[in-house]
Amino acid sequence: MNIILFGPPGAGKGTQAKYLVKKLNGFQISTGEILRDEIKKNTDIGKKIINNMNEGKFVSDEIVNSLLKIHVVDPNKREKLIFDGYPRSLSQAKNLDILLKDSNQKIDCIFFLNVNKETIVERIKKRKILEKRSDDDLDTILKRYDTYIETTRPVLDYYSKNSNFHEIDGAMEIDQITNKIEGFLNV
Ligand code: AMP
């Protein structure tokens, strides 16, 4: 089963993805984590993207799509992909469709974790203390939220008419959200 977790930064996509990885024996494809890893390892890509990441700006499609592809075409991960943070734009959604089609796969479920701006700001302020992410300061959070509204949220129109699209109130407690997801997945 391939699943997309969609929503603004701080919606809880990563938390639910980690849960689904355990439950379904799947693989979390978090483009944010993949990119942070490039920075940590100080690779050529890491050096190119560090400024954009720190400023809360998108990394180029060229870089994100090539890093994503490695996972989508990996035979071990086939039909066990849990996307967290991808797609983030219409062009990425279309790219994902092509990659999946070429590897004879599809998306089985899309979960939209819907959370308002105030809740996101409060959550990310807490995460800043716990995880010390350099893109979690207030200015950057607000910038990332604006980018979400402008570029990512329109992707909802691309998916929302599908019967496998489910909107979930992301302000609920973590295990309530997990229960909802399990209900839709029938697991
Ligand atoms: P996340 O961990 O999903 O909050 O992502 C952290 C940062 O990584 C984002 O603010 C972007 O700078 C970058 N990033 C993650 N996923 C993508 C993506 N699909 N497209 C472009 N940039 C991304």
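Residue numbers start at 1 and run along the sequence shown. Both counts, for ligands and for their atoms, begin at 1 and track the order of listing.
Residue I174 is found outside any hydrophobic cluster, as its side-chain heavy atoms come under 4.5 Å of no other Ile, Leu, Val, Met, Phe, Trp or Tyr.
In terms of modelled atom types and a separation under 3.5 Å, the side chain of D108 and the main chain of I3 share no donor-acceptor contact. A donor-acceptor pair under 3.5 Å is formed between the side chain of R123 and the backbone N or O of A11.
A side chain to side chain donor-acceptor pair (under 3.5 Å) with S103 is found for exactly one of Q105, K106, K101, namely Q105.
Protein residues are said to neighbour a ligand when one of their heavy atoms lies under 4.0 Å from it; for ligand 1 these are T31, G32, L35, R36, M53, K57, F58, V59, V64, G85, Y86, R88, Q92, R133, D135, R144.
Ring-plane geometry between F112 and F6 is classed as perpendicular, the angle between the planes exceeding 60 degrees on a 0 to 90 degree scale with a lower cut at 30.
Around atom NZ of K47, more than 12 heavy atoms belonging to other residues, nucleotides or ligands sit under 6.0 Å away.
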